[in-house]
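As structure tokens, the structure follows; a few thoughts come after it.
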Protein chains: 2
Amino acid sequence: MHSVWADNADDQEREPRAGQAPRGDGIRRRATIHDVAQLAGVSRQTVSRAVNDKGEIDPATKERVLEVARLLDYRPSRFARGLVRKGAVTAGLVLPDLMNPFFPEVAAGVLEAAEERGWQVVVWDSRTDENRELQALDKFSHQADAVVGYFKNPDDVLAQHLGGVPTVVLERGPHQTRFGAVGIDAAAGVAQGIAHLVRAGHRRIGMLDGDRIDAPGPRREAFLAAVRQHGLPVDSSWVAPSPEHSVAGGEAAMAQLLDARPELTAVFGFNDLIAVGAMRTARRRGLRVPDDLAVLGFDGLALGELVEPALTTLHIDKRRLGRLAVEQVARLSTGQEPLTGAEAWVIPQLVVRASA
Amino acid sequence: MHSVWADNADDQEREPRAGQAPRGDGIRRRATIHDVAQLAGVSRQTVSRAVNDKGEIDPATKERVLEVARLLDYRPSRFARGLVRKGAVTAGLVLPDLMNPFFPEVAAGVLEAAEERGWQVVVWDSRTDENRELQALDKFSHQADAVVGYFKNPDDVLAQHLGGVPTVVLERGPHQTRFGAVGIDAAAGVAQGIAHLVRAGHRRIGMLDGDRIDAPGPRREAFLAAVRQHGLPVDSSWVAPSPEHSVAGGEAAMAQLLDARPELTAVFGFNDLIAVGAMRTARRRGLRVPDDLAVLGFDGLALGELVEPALTTLHIDKRRLGRLAVEQVARLSTGQEPLTGAEAWVIPQLVVRASA
DNA sequence: TTGTAGGCGTTATCAC
DNA sequence: GTGATAACGCCTACAA
């Protein structure tokens with residue numbers, strides 16, 4: 001059984017060879033307040049005063065002490081300090097893909113909110129890999145006071161590696177997880193999007209889904225619900241998987257979907273990157289966008305305004321998503337109940353541009 | 001005078017009200033190993049053994065202790081642990097703009113390299129603000145063992161807030177800084193780019209520069225040197241400033257440059273975002289790219305392949321940049337001299353696409 | 001102005 | 001197997 005507290009790390013690598021001089025290459029033990037005190041011929045307390053700009057100290061001794069400190073390249077140990085002055089909070093942030101512009105923007109929101117609270121944020125890129133997610137948690141369960149992030153692993157696995165650290169998972173409904181959650185109201189968003197396409201006369205609408213074909217996520221479910229509600233001649237055979245959440249992934253998925261459903265007149269992309277990929281494949285095949293094929297994205301990346309034609313998309317306030325996550329986890333870490341109302345839920349907004 | 005060691009922070013906010021019960025809302029003192037020991041009726045040492053999966057312990061007591069630990073929501077203090085087990089390294093990463101895809105990719109490189117070393121990385125977005133840079137350093141000088149980042153502040157100001165933490169600055173030549181440095185060989189890159197434009201017949205080439213007009217950086221200097229070398233009828237009046245390093249900034253700057261130098265047949269953008277902005281303004285004014293106006297970028301963002309026409313650019317291995325920075329700062333923190341050769345220098349590669 | 005004593009929470013060491 | 005004892009490096013309180 002895996003103990004959630006155990007530090008199964010391969011830390012400790014600093015050899016204790018104590019070079020007395022601060023210079024010299026090779027690993028040397030860092031100078032402590034004691035070393036400084038000794039060399040300066042004062043008590044540790046005096047060093048502390050000098051180093052911390054406390055008042056009660058003779059300017060002369062202060063200067064002397066500071067001089068020695070500099071000489072020894074002394075820096076207070078953050079561990080010792082943290083032990084005695086409370087209040088330094090570290091949050092861990094797990095992101096699946098730094099190369100998708102969506103996540104840096106979420107991160108920006110997280111950083112903002114964390115900064116306001118005086119927290120620092122440690123970032124980990126899981127590369128959408130379950131094992132790497134757990135590695136992150138193994139670290140964070142020891143090194144962080146709170147965790148926020150995107151996870152593929154199921155709750156129980158996460159919990160096992162979390163060791164009780166307050167956690168908020170992103171884009172998993174509050175009812176779908178036992179952790180704090182901040183989600184996107186995919187249903188509301190997708191409904192808007194499909195309604196827009198239908199309004200424009202489309203009936204044969206496909207989807208490029210980022211979720212595994214055997215594990216439909218909220219976006220696909222919302223899509224299927226929407227097309228059904230509008231009575232469209234569309235079923236799950238109109239959904240092609242795009243395991244790679246990237247432009248290239250979208251290109252490939254679109255090719256596949258077009259082969260399966262040539263009668264398509266519109267596609268909904270799991271995210272903007274995939275949607276852009278879809279546009280590219282469509283155009284490469286000689287289809288005009290939006291005339292022959294309308295394309296709808298999901299995310300609202302800045303990128304969408306730069307491609308041609310500009311991408312119609314369901315815009316998400318990514319920064320807010322990040323901020324909310326921090327607020328949630330802050331609640332958790334003070335023992336409050338997580339929010340589950342509108343404060344934990346961001347609703348996509350349809351942004352109509354040229355592609356649909 | 002600002003003491004580099006002083007913790008001029010407004011930390012400490014945790015009120016010491018010790019709720020004995022683990023549950024209950026409101027701030028409660030976190031349970032310590034002592035609390036667990038007491039409630040479980042064993043010594044702290046035994047708790048430590050249980051929690052750390054050490055061998056020498058009776059399975060029964062272990063289970064009991066773990067149970068209590070769970071009950072009390074006990075998590076070992078990372079500070080106390082860090083004090084006694086050495087080896088947990090934290091690096092601070094200062095980025096100027098998370099919204100520019102360039103930097104997340106640099107960050108990805110930093111994270112990779114840091115992970116390989118078992119380091120964790122705390123990220124700070126300075127938003128290209130000198131004051132925020134210093135805020136970051138004030139934090140990192142206490143909380144980090146190494147710092148890597150982009151800075152506008154001059155060396156001496158940085159040093160003042162760094163308190164001796166090993167530091168590597170990005171994109172500042174080794175001879176331009178007293179810190180460790182990892183740079184881009186702008187001269188080599190720009191030379192390739194301008195040569196390409198000249199080869200295509202361009203002689204009236206402008207530049208959209210991201211640096212302040214009164215503080216030319218390496219890219220502008222390289223540009224000016226290159227056009228001079230090719231004997232082009234171009235001087236610094238062909239350089240328009242684009243203080244915003246964004247698409248919008250590039251659009252505005254391009255408008256300005258086009259007004260000043262309508263005879264332009266090609267532009268070099270400080271970065272890809274600016275270059276894309278330039279393309280947009282050009283096309284909005286009815287100019288065809290590249291026929292009427294060729295556009296050359298600098299960065300090699302993925303984005304450049306998606307715009308129309310695709311952007312010709314000087315591609316930088318951003319991930320490598322990040323990795324090198326970590327390697328450099330790792331050297332510094334073990335007392336070695338920083339690298340200054342090719343290992344600390346990334347050379348842009350011309351990628352020819354449709355825009356030039 | 002300066003020094004001494006004690007404790008922050010954890011683990012290593014060495015007894016029992 | 002389990003428990004004292006002594007660090008780890010720093011800071012707060014109090015004494016000199």
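So you know, we letter chains A, B, ... as the sequences are listed, proteins then strands, and number each from 1. All heavy atoms count here, side chains included; hydrogens, waters and symmetry mates do not.
- With sequence neighbours excluded, the residues forming a side chain to side chain contact (heavy atoms under 4.5 Å, CB included) with A:Val165 are A:Ser141, A:Val147, B:Arg75, listed by chain and number.
- Legend: residues meeting side chain to side chain contact (heavy atoms under 4.5 Å, CB included) with A:Val168, ordered by chain and number and at least two apart, are A:Val148, A:Leu170, A:Val182, A:Ala325, A:Gln328, A:Val329, A:Leu332.
- Across the protein-nucleic acid pair, A:His142 atom NE2 and C:dT11 atom P stand 10 Å apart, rounded to whole Å.
- The stretch residues 144-155 of chain B participates, sequence neighbours left out, in these salt bridge (Lys or Arg N to Asp or Glu O under 4.0 Å) pairs: A:Arg30-B:Asp145, A:Arg78-B:Asp145, B:Glu130-B:Lys152, B:Asp155-B:Arg172.
- Here B:Arg319 pairs with A:Met99, B:Ala108, B:Glu112, B:Asp317 under the side chain to side chain contact (heavy atoms under 4.5 Å, CB included) rule; sequence neighbours left out.
- Legend: residues meeting side chain to side chain contact (heavy atoms under 4.5 Å, CB included) with A:Asp156, ordered by chain and number and at least two apart, are A:Pro154, A:Arg178.
- Using a 4.0 Å cut-off, no side-chain N or O of A:Thr61 falls inside it from OP1 or OP2 of C:dT1.
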Cut-off 3.5 Å, no hydrogens considered: what does the side-chain donor-acceptor table look like for residues 36-43 of chain B, sequence neighbours left out?
| from | atom 1 | to | atom 2 | distance (Å) |
| --- | --- | --- | --- | --- |
| B:Gln38 | OE1 | B:His34 | NE2 | 3.1 |
| B:Ser43 | OG | B:Gln45 | N | 3.3 |
| B:Ser43 | OG | B:Thr46 | N | 3.3 |
| B:Ser43 | OG | B:Thr46 | OG1 | 3.3 |

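- A:Thr90 and A:Gln120 share a donor-acceptor pair across their side chains, judged by distance under 3.5 Å alone.
- Bending across the helix from C:dT1-D:dA16 to C:dC16-D:dG1, expressed as the angle between its end axes from five pairs apiece, amounts to 40° (10° rounding).
- Taking only side-chain nitrogens and oxygens, A:Thr46 comes nearer than 4.0 Å to OP1 or OP2 of C:dG3.
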For nucleotides 7-10 of chain D, list the nitrogen or oxygen atoms of the protein found under 3.5 Å from its nitrogen or oxygen atoms, one pair per line.
| from | atom 1 | to | atom 2 | distance (Å) |
| --- | --- | --- | --- | --- |
| D:dC8 | O3' | B:Lys86 | NZ | 3.2 |
| D:dC10 | OP1 | A:Tyr74 | OH | 2.8 |
| D:dC10 | OP1 | A:Ser77 | N | 2.9 |
| D:dC10 | OP2 | A:Ile33 | N | 2.4 |

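- Legend: residues meeting ring pair (Phe, Tyr, Trp, His ring centres under 6.0 Å) with B:Phe140, ordered by chain and number and at least two apart, are absent.
- Among residues two or more places apart in sequence or in another chain, the side-chain hydrogen bond (donor to acceptor under 3.5 Å, both in side chains) test is passed with A:Glu116 by A:Arg323.
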I'd like a list of close polar pairs between nucleotides 13-16 of chain C and the protein, N/O only, cut-off under 3.5 Å.
none

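- Rounded to a whole Å, the CG atom of B:Asp58 is 11 Å from the P atom of D:dG3.
- Contacts of A:Phe79 classified as ring pair (Phe, Tyr, Trp, His ring centres under 6.0 Å), with partners at least two apart in sequence or in another chain: none.
- Look at A:Arg132 and A:Asp125 and you find no salt bridge, because none of the NZ, NE, NH1 or NH2 atoms lies under 4.0 Å from a carboxylate O.
- Protein atom CZ of B:Arg64 is 15 Å distant from nucleotide atom P of D:dG1, rounded to whole Å.
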